[in-house]
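Data first, discussion second: the structure below is written as structure tokens.
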Amino acid sequence: MPIALFALALGGFGIGLTEFVIMGLLPEVARDFAVSETVAGYLISGYALSVAIGGIILTAALGRVNRKHALLGLLVLFIVGNLMSALAGTYEFMLAGRIVAALCHGAFFGIGAVVAADLVAENRRAAAISIMFAGLTVSNVLGVPLGTFLGQAAGWRSTFWAITIIGVLALIGIAALVQNTPAAPAGSNPFAEFRIFRSRQVWLSMLVTVLGYGGMFGAFTYIAFTLTEVGGFASSSVPWLLVLFGAGLFVGNLLGGRAADRNLPLTLIVLLAALTVVLGVFALTATSQIATVVALILMGAFGFATVPGLQMRIMNYADDAPTLASGANIAAFNLGNAFGAWAGGLTLAAGLGYVSPLWVGAGITLAGLVAYLIAARVRGGEFDRSTDSAPIPVAA
């Protein structure tokens, strides 16, 4: 694989760290700014909303820009946002920094996925995308625990200084290793790419992403409660259990990309079905610590193994504007995160217990599988490699 992919992965690592590390630092941040944990939580939800907005608007606005230059500009935005967080003297200024950093998230992964796919032969595109997303998975395996430990030991600001440095290194790597790509014609309308949203398959692809990924995130959002209150694990064990979950993400991402290159439709069907089963079995065996560890790893593996395939599917159905489609799908991932967390929270509020988010996740993922089967049937019902893997006209 081209070394430029690893520069993209480093950027993904930093962005993933920015998104998730705040979860472990919320108590310290809330205490420093004298706000409630609920208000501090807006640093997470505000970030996710900004990702969804930036994933579509910024990707479209950068459609006429050389993709390498676009990535560099987005990383500058990322660096500035995290620098604002590190220097924040007030809660409001830190929230602004989070929003600035988040705006680059969707566009970076959206444009980066297209750049990664263009770096390799057509039959290795999903694998290339998976390497870029490997940075995001590694941030969960190593970055979040280490960032949390750093923030607890040296103050939460030290974590954001470290993330800022990672952003600078990624900027240098992409500047040095990623080749220039031509911009769209100067006279073209940068928002003309929005015509891809006339395609039923683009909308169906985004729906599958929201449901297929949202199911896993709905279960994951409240996993600490499931582990401690149902599984009987000590709170001190949770970070290390999440490392196992992150390891599952990493392996699943790479294997899922390779499988999607061989047969994209079959891969998505198998992965969504397997994730549904894993979440259901997890709910039934959550009182067993051994079964919980196995289920946690498999949940991460099957959940993130869908990502390269889901990203490839929407890009294939928006051949005229793959960059915008890719960014829109990143927004769909984050909408899935929000929807899954909201649905799981409803069951907890209803007093259904700490296993209920797992059942909700299984149900949402099953809905994602059904949505995919409907999308495939609308397309023609042929579950061969060519059905979803070959680019087709936007009007499909």
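Quick note: numbers below take in every heavy atom, side chains included, and nothing from hydrogens, waters or symmetry partners.
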pair Phe339-Phe217: side-chain heavy atoms closer than 4.5 Å: no
Residue Ile3 excluded, over 12 heavy atoms near CD1 under 6.0 Å: no
Any donor-acceptor pair under 3.5 Å from Ser158 side chain to Gly155 backbone: yes
ILVMFWY clustering at 4.5 Å (side-chain atoms), partners of Trp161: Leu83, Leu87
Straight-line distance of Met84 CE to Arg98 CZ, nearest 0.5 Å: 12.0 Å
Set of ring pair (Phe, Tyr, Trp, His ring centres under 6.0 Å) partners for Phe6, sequence neighbours left out: none
Verdict with reasoning, Phe33 to Trp156, per ring pair (Phe, Tyr, Trp, His ring centres under 6.0 Å): CA-CA 12 Å; Phe33 290 132; Trp156 61 265; 5.6 Å; yes
Any side-chain heavy-atom pair of Arg313 and Gln201 under 4.5 Å: yes
Separation between OH of Tyr372 and CG of Leu211, rounded to the nearest 0.5 Å: 14.5 Å
Residue of the set Leu275, Val277, Thr276, Val281 for which side-chain contact (heavy atoms from CB on, under 4.5 Å) holds with Leu279: Leu275
Pairwise side-chain contact, Leu241 with Leu296, heavy-atom cut-off 4.5 Å (strictly under): yes
Test side-chain contact (heavy atoms from CB on, under 4.5 Å) applied to Leu95 - qualifying residues, sequence neighbours left out: Leu43, Tyr91, Ile99
Flag, side chain of Lys68 to backbone of Gln179, donor-acceptor distance under 3.5 Å: no
pair Val293-Phe233: side-chain heavy atoms closer than 4.5 Å: yes
Distance in Å, Thr159 OG1 paired with Glu28 CD, rounded so as to fall on 0.5 Å steps: 9.0 Å
Sub-4.5 Å side-chain heavy-atom contact between Leu74 and Phe109: no
Distance, nearest 0.5 Å, that separates CD1 of Ile297 from CZ of Phe302: 12.0 Å
Asp261 side chain vs Ala127 backbone, donor-acceptor pair below 3.5 Å: yes
Sole residue of Leu310, Leu369, Val370 in side-chain contact (heavy atoms from CB on, under 4.5 Å) with Leu272: Leu369
CZ (Arg124) with more than 12 external heavy atoms under 6.0 Å: no
From Thr306 atom OG1 to Gln311 atom CD, the distance as rounded to the nearest 0.5 Å: 10.5 Å
Of Leu8, Leu62, Leu58, Val65, the residue whose pairing with Ile111 passes side-chain contact (heavy atoms from CB on, under 4.5 Å): Leu62
Donor-acceptor pair, side chain of Thr228 and main chain of Ala234, under 3.5 angstrom: no
Non-neighbouring partners of Ser356 that pass side-chain hydrogen bond (donor to acceptor under 3.5 Å, both in side chains), sequence neighbours left out: Thr347
Partners passing ring pair (Phe, Tyr, Trp, His ring centres under 6.0 Å) against Trp359 (at least two apart in sequence or in another chain): none
Note, Met94 side chain near Ile22 side chain (heavy atom, < 4.5 Å): yes
Close side-chain approach of Thr365 and Met216, heavy atoms under 4.5 Å: no
Contacts of Ala332 that satisfy side-chain contact (heavy atoms from CB on, under 4.5 Å) - sequence neighbours left out: Met206, Thr209, Val210, Asn329
Distance in Å, Phe250 CZ paired with Phe245 CZ, rounded so as to fall on 0.5 Å steps: 15.0 Å
Positive for side-chain contact (heavy atoms from CB on, under 4.5 Å) with Phe78, one of Ile166, Thr164, Val168, Ile163: Ile163
Arg67 side chain to Val115 backbone, donor-acceptor under 3.5 Å: no
Test item: Thr285 side-chain N/O and Ser288 main-chain N/O as donor-acceptor pair under 3.5 Å: no
Phe197 and Trp203 aromatic ring geometry - parallel, tilted or perpendicular at 30°/60° bounds: tilted
Heavy-atom donor-acceptor pair, Ser50 side chain to Ala102 backbone, under 3.5 Å: no
Within-4.5 Å side-chain heavy-atom neighbours: Ser237 and Leu227: no
